[in-house]
Asks: 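Can you keep this structure in mind? I'll have questions shortly.
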Amino acid sequence: MKMKYDESDNAFIRVSRTLTDKVSDLMGGLFSKTEMSEVLTEILKVDPNFDKDKFLKLCEKDIIPNILEAMIRGDLDVLKDWCYEATYSQLAHPIQQAKSMGLQFNSKILDIDNIDLAMGKMMEQGPVLIITFQAQLVMVITNQKDEVVEGDQDKVLRMLYVWALCRDQDELNPYAAWRLLDISSSATEQIL
């Protein structure tokens, strides 16, 4: 019967089929798993106490400051601990180049705000949460004579970051389980 219904050319049945397809698409969309719920379910399997708001606080107080500070200070050891290999290589290359030329990083973070959980995605590495945030930074690179070669000590940059944080499912400690999988940023000059 179902096959006859699906293949029928009768005008009444075609209209009926279109209507039932639209209703089932709408209802199916309401009750089907979203990618975010799939990611959160996967995280909860390993960390039953996971909470989105606590995660964002952890990002604000621990994850973002540690990684961002390591990036702007050129601290490769800290970056290596917090990043996946591909991301570490992407971030470490310009730092290694600058250090090989005898340059020093004298940048500082002024503020981190507007932290938001944008989306979740299942990747081969595990469940990934994508966060967005803004940071106010003073970016300065100096040479051995302490002369500024890049940046400006009086210029505040507002950076918009998008980070993909992946939960290492083998790590039981929820504070050590998150690592940076991907990063994107854009800068605008802050007008004070």
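Just so you know, residue 1 is the first one in the sequence shown, and it goes up from there. These numbers come from a predicted model, not from an experiment.
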Asks: With sequence neighbours left out, what residues match Asp116 under side-chain contact (heavy atoms from CB on, under 4.5 Å)?
Replies: Thr132
Asks: Pairs of donor and acceptor atoms involving the side chains of residues 83-99, under 3.5 Å and at least two apart or interchain, shall be tabulated with distances.
Replies:
from: Thr87; atom 1: OG1; to: Leu181; atom 2: O; distance (Å): 2.5
from: Ser89; atom 1: OG; to: Glu85; atom 2: O; distance (Å): 3.1
from: Lys99; atom 1: NZ; to: Gly74; atom 2: O; distance (Å): 2.6

Asks: Check the hydrophobic clustering (I, L, V, M, F, W, Y; side-chain heavy atoms under 4.5 Å; chains of links allowed) and say if Phe50 and Met123 are grouped together.
Replies: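 Different clusters: Phe50 never reaches Met123 through Ile, Leu, Val, Met, Phe, Trp or Tyr contacts under 4.5 Å.
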Asks: Are the side chain of Glu35 and the backbone N or O of Met119 linked by a donor-acceptor pair below 3.5 Å?
Replies: no
Asks: Using the salt bridge (Lys or Arg N to Asp or Glu O under 4.0 Å) rule, take Asp111 and Arg158 through it: C-alpha gap first, then chi angles, then the decisive distance, then the call.
Replies: CA-CA 9 Å; Asp111 187 34; Arg158 179 168 279 284; 5.4 Å; no
Asks: About how many Å separate CG of Asn173 and CG of Asp47, when rounded to the nearest 0.5 Å?
Replies: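 Taking CG in Asp47 and CG in Asn173, the distance rounds to 9.0 Å.
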Asks: For a 4.5 angstrom cut-off between non-hydrogen side-chain atoms, does Leu117 reach Met36?
Replies: yes
Asks: Look at the side-chain heavy atoms of Ile, Leu, Val, Met, Phe, Trp and Tyr, link any pair under 4.5 Å apart, and say whether Trp82 and Leu165 land in one connected group.
Replies: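 Result: yes, single cluster for both.
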Asks: How many angstroms lie between CH2 in Trp163 and OG in Ser184, if you round to the nearest 0.5 Å?
Replies: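 Those atoms lie 12.0 Å apart.
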Asks: Got a second to check how far Cys166's SG is from Arg179's CZ, nearest 0.5 Å?
Replies: 9.0 Å
Asks: Can you confirm whether Arg167 sits close enough to Glu42 that some side-chain heavy atom of one is under 4.5 Å from a side-chain heavy atom of the other?
Replies: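 No. Closest side-chain heavy atoms not under 4.5 Å.
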Asks: Shared ILVMFWY cluster between Tyr161 and Leu58, side chains joined below 4.5 angstrom?
Replies: yes
Asks: Before giving the answer on side chain to side chain contact (heavy atoms under 4.5 Å, CB included), spell out for Asp75 and Glu69 the whole-Å C-alpha distance, their side-chain angles and the decisive distance to 0.1 Å.
Replies: CA-CA 8 Å; Asp75 191 335; Glu69 189 78 28; over 6 Å; no
Asks: Using the side chain to side chain donor-acceptor pair (under 3.5 Å) rule, collect all pairs that involve residues 141-152, keeping only residues at least two apart or in two chains.
Replies: Asn106-Thr142, Asn143-Glu147
Asks: Going by atom type alone, with no hydrogens or angles, which donor-acceptor pairs under 3.5 Å involve a side-chain atom of residues 59-66 and a protein atom two or more places apart or on another chain?
Replies:
from: Glu60; atom 1: OE1; to: Lys57; atom 2: NZ; distance (Å): 3.3
from: Asp62; atom 1: OD1; to: Asn66; atom 2: ND2; distance (Å): 2.6
from: Asn66; atom 1: ND2; to: Asp62; atom 2: O; distance (Å): 2.9

Asks: Hey, could you give me the CD1/CD1 distance between Ile72 and Ile67, rounded to the nearest 0.5 Å?
Replies: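 One finds 13.0 Å between CD1 of Ile72 and CD1 of Ile67.
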Asks: Following the transitive rule for hydrophobic clusters with a side-chain heavy-atom cut-off under 4.5 Å over Ile, Leu, Val, Met, Phe, Trp and Tyr, establish whether Leu180 and Leu68 coincide in one cluster.
Replies: yes
Asks: List the residues meeting ring pair (Phe, Tyr, Trp, His ring centres under 6.0 Å) with Trp178, not counting sequence neighbours, and say none if there are none.
Replies: Phe55
Asks: State which residues pass side-chain contact (heavy atoms from CB on, under 4.5 Å) with Val39; sequence neighbours excluded, sorted by chain then number.
Replies: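 Val39 satisfies side-chain contact (heavy atoms from CB on, under 4.5 Å) with Ile43, Met122, Pro127, Leu129 only.
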Asks: Within this structure, what is the CZ-CE distance for the pair Phe105 and Met71, rounded to the nearest 0.5 Å?
Replies: 10.5 Å
Asks: Do Tyr175 and Leu44 sit in the same hydrophobic cluster, where Ile, Leu, Val, Met, Phe, Trp and Tyr count as joined when their side-chain heavy atoms come under 4.5 Å apart?
Replies: yes
Asks: What distance do Asn114 atom CG and Ile112 atom CD1 have between them, rounded to the nearest 0.5 Å?
Replies: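 Asn114 CG to Ile112 CD1: 11.5 Å, rounded to 0.5 Å.
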